[in-house]
Student: 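Mind having a look at this structure? Questions to follow.
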Amino acid sequence: MSGNGLFLGLDFSTQQIKAIAVDDSLKVVSEAAVQFDTDLPEFRTQGGAHQHDDGLTVTAPTAMWVKALDLLLSKMKTSGFNFNRVKALSGTGQQHGSVYWKTGAGSTLQQLQPDKTLYEQLKDSFAVSDSPIWMDSSTTAQCRQLEQAVGGAQKLADITGSRGYERFTGNQIAKISQNNKAAYDNSERISLVSSFAASLFLGNYAPIDHSDGSGMNLLDISGRKWSQQCLQACASGLEGKLGEAVPSFENLGSISAYYADRYGFSPDCKVIAFTGDNPGSLAGMRLQGGDIAVSLGTSDTLFLWLQQPSPALTGHIFCNPVDGDAYMALLCYKNGSLMREQIRDGCAGASWEKFSQALQSTPMGNNGNIGMYFDVQEITPSAVGVHRFNSADQKVESFPPAVEVRALVEGQFLAKRAHAEMLGYSVGCSTRVLATGGASSNTSILQVLSDVFKAPVYILDTANSACLGCAYRAKHGWLGSSKLSFQEIVQGAPEYKLAVTPNSSAKQVYDPLVGRYKRLEDLVAGQ
């Protein structure tokens, strides 16, 4: 085993780059971060990005990420961090963003000089100086072209796990190929943010991993290889620029000599494939077969572990980052905590205590009353406004305050279960619901979550879960993923705490309600 070795996780996220080191028992021993806006003001970013005048295009300066890594490692060195103890590192990047290495950049990477910063040596290595990122929504035309080329939106979802999405990398590459052909032709390699970051450490082009590669509308998720149909529809000669995709736990080899000479890393330190931030979070939350994780924040996010997915026109299916035979699904909801706060303020005197009392005073199933509350345009379903239905499925204008509170919370969780089941998820006897985010501290809300999903709810503080997950993944890849499962690696990590268990009659109440909710949701979405 590694004894006093350390495992390093790095997170190249939208607003910062962060590092977390864990020891052999997975205890966090060091953290460091660089904020793009404040620590690198010369790049003039807001929230780590540049919003363009068209209101649709959003990019980030690629060289900023390089300079941020220089600054992060210098900070760690100054603080006395012992890089020589790091046995392996892995990392995560904001999903969907893309980096365009210009012709000749590969040889520069292979010949990094330890007396110079990465920024000095690599700042002119990019054919496109501003990387498109996940906030970009300027590629609607390319999405429709790709869907049409493969036989429709559902067919694209069947192949790649998602219908055409503007932020997905294949559509961004298609736009650059169409609008800036010289830059595309001058790109000898196209990386995701995650594989770009891995390349910096490897001193060579790192492959894209299967899990982050699933967020491109280019990877055939069942065969875990690039879809020729999708590649050809996006741009000519694309496969050669992407390289081969690899499992997310692949050991890519030893760290570049640059880091041993400049920072004191061991020359034997291994670089494990980097992945996307959502797959990294699944690892950090330590999901296993049958689990479902619900992040209850400004927006609500649902993570599912799936064995046999059913791709749909809503949500996303990715290859699983810690199990080469499994999948993960992701569902995002814009109307999360702000909607809960709005109903709390209007129906419970702005008091969480009264909000909880309202939930406790109303019966499971809310006497058949169902509500859908979309203050802003929702993703799934594509709808906006407040929609209330009585037990006879008739639309009504209002509910009494306590009924309104329960209708909101039940409606949010009925939606999540209905959509999860559409993607191939089914609640089993070993299912655990893992709750994180602000609302996970409210036991009354968690009780409704437990009842709707007919499963116990556990809570864990998962701040920086993507970064932490990559420290865990570094250990998994270093020990050899074929010898030990990820679950065996993370057994020593902090335990989840059981918060609530479902009521005995929850199944008979909510099983019929899920079907009813879905019918009403289809009605609302079709209006």
Side-chain angles (χ1 to χ4, degrees), residues 9 11 13 92-96 134 161-162 165 194 209-215 221 248 275-312 314-323 325-334 336-337 379-380 412-413 415-428 430-440 446 449-450 452-453 455-470 472-473 486-487 490 493 496 499:
D11 182 10
S13 68
T92 174
Q94 50 173 298
Q95 275 200 272
H96 317 301
W134 65 273
S162 302
Y165 281 91
S194 57
D209 77 290
H210 291 158
S211 199
D212 205 9
S214 307
I221 60 167
S248 307
T275 192
D277 50 7
N278 288 306
S281 288
L282 178 134
M285 291 188 285
R286 310 194 307 278
L287 258 70
Q288 53 198 44
D291 282 351
I292 188 162
V294 185
S295 174
L296 301 169
T298 305
S299 58
D300 287 351
T301 308
L302 203 65
F303 295 85
L304 310 169
W305 180 295
L306 296 175
Q307 289 303 132
Q308 293 178 308
S310 304
T314 56
H316 312 293
I317 307 280
F318 301 146
C319 296
N320 191 300
V322 298
D323 183 329
D325 296 321
Y327 296 87
M328 65 174 282
L330 190 69
L331 286 157
C332 301
Y333 300 87
K334 288 183 183 175
S337 64
I379 302 168
T380 310
Q412 288 186 331
F413 294 146
K416 290 171 176 59
R417 181 176 152 189
H419 302 149
E421 289 176 353
M422 284 170 60
L423 290 172
Y425 183 82
S426 59
V427 176
S430 62
T431 293
R432 301 182 303 170
V433 179
L434 312 177
T436 69
S440 64
L446 295 186
L449 175 62
S450 178
V452 169
F453 277 91
V457 173
Y458 295 79
I459 52 174
L460 178 74
D461 175 17
T462 53
N464 306 309
S465 60
C467 196
L468 189 59
C470 289
Y472 297 164
R473 290 178 52 255
F486 184 75
Q487 275 67 42
V490 297
Y496 279 90

Student: Does W305 have more than 12 heavy atoms from other residues, nucleotides or ligands lying within 6.0 Å of its CH2?
Tutor: yes
Student: What are the two closest non-hydrogen atoms of T301 and C332, and how far apart are they?
Tutor: CG2-SG, 4.3 Å
Student: Which residues pass the side chain to side chain contact (heavy atoms under 4.5 Å, CB included) test with S162, not counting sequence neighbours?
Tutor: Y165, F168, N217, H316
Student: Short question: side chain of R473, backbone of A283 - any donor-acceptor pair under 3.5 Å?
Tutor: no
Student: Looking at T431 and P456, what are the two nearest heavy atoms and their distance?
Tutor: O-CD, 3.5 Å
Student: Mind listing the closest non-hydrogen atom pair of P321 and P279 along with its distance?
Tutor: CG-O, 3.4 Å
Student: Can you list everything that forms a side chain to side chain contact (heavy atoms under 4.5 Å, CB included) with A439? Sequence neighbours excluded, please.
Tutor: L296, R340, I445
Student: Looking only at non-hydrogen atoms, find the nearest pair between A435 and L449 and report the distance.
Tutor: CB-CD2, 4.3 Å
Student: Quick check: does any side chain N or O of S214 sit under 3.5 Å from a backbone N or O of C319, one acting as donor and the other as acceptor?
Tutor: yes
Student: Which residue, D291, L287, I292, forms the side-chain contact (heavy atoms from CB on, under 4.5 Å) with R432?
Tutor: D291
Student: What class does the angle between the rings of Y458 and Y496 fall in, given that below 30° is parallel, 30 to 60° is tilted and above 60° is perpendicular?
Tutor: perpendicular
Student: Do L423 and L331 touch side chain to side chain, with heavy atoms closer than 4.5 Å?
Tutor: yes
Student: Please report the interatomic distance CG(N278) to OG(S211), rounded to the nearest 0.5 Å.
Tutor: 9.0 Å
Student: For a quick test of reading the model, state the closest non-hydrogen atom pair linking G215 to Q95 and the distance between them.
Tutor: CA-NE2, 4.5 Å
Student: Is any side-chain heavy atom of L330 less than 4.5 Å from a side-chain heavy atom of F303?
Tutor: yes
Student: How many angstroms lie between CH2 in W134 and OG in S13, if you round to the nearest 0.5 Å?
Tutor: 10.5 Å
Student: How far does CG of D212 sit from CD of Q94, to the nearest 0.5 angstrom?
Tutor: 10.0 Å
Student: Roughly how far, to the nearest 0.5 Å, is OG of S337 from CD of Q412?
Tutor: 9.0 Å
Student: Which residue, C467, S281, C470, forms the side-chain contact (heavy atoms from CB on, under 4.5 Å) with D11?
Tutor: C467
Student: Donor-acceptor pair, distance only, cut-off 3.5 Å: does the side chain of Y425 make one with the backbone of A329?
Tutor: no
Student: Could you check if a side-chain atom of L302 sits within less than 4.5 angstrom of a side-chain atom of H419, using non-hydrogen atoms only?
Tutor: no
Student: Without hydrogens or angle criteria, can the side chains of S194 and T275 be said to hold a donor-acceptor pair below 3.5 Å?
Tutor: no
Student: For G424 and S310, work out which heavy atoms get closest and say how close.
Tutor: CA-OG, 3.9 Å
Student: Say you draw a straight line from CG of L282 to CG of L434; how long is it, rounded to the nearest 0.5 Å?
Tutor: 9.5 Å
Student: Rounded at 0.5 Å granularity, tell me how far OH in Y327 sits from CG in L304.
Tutor: 15.0 Å
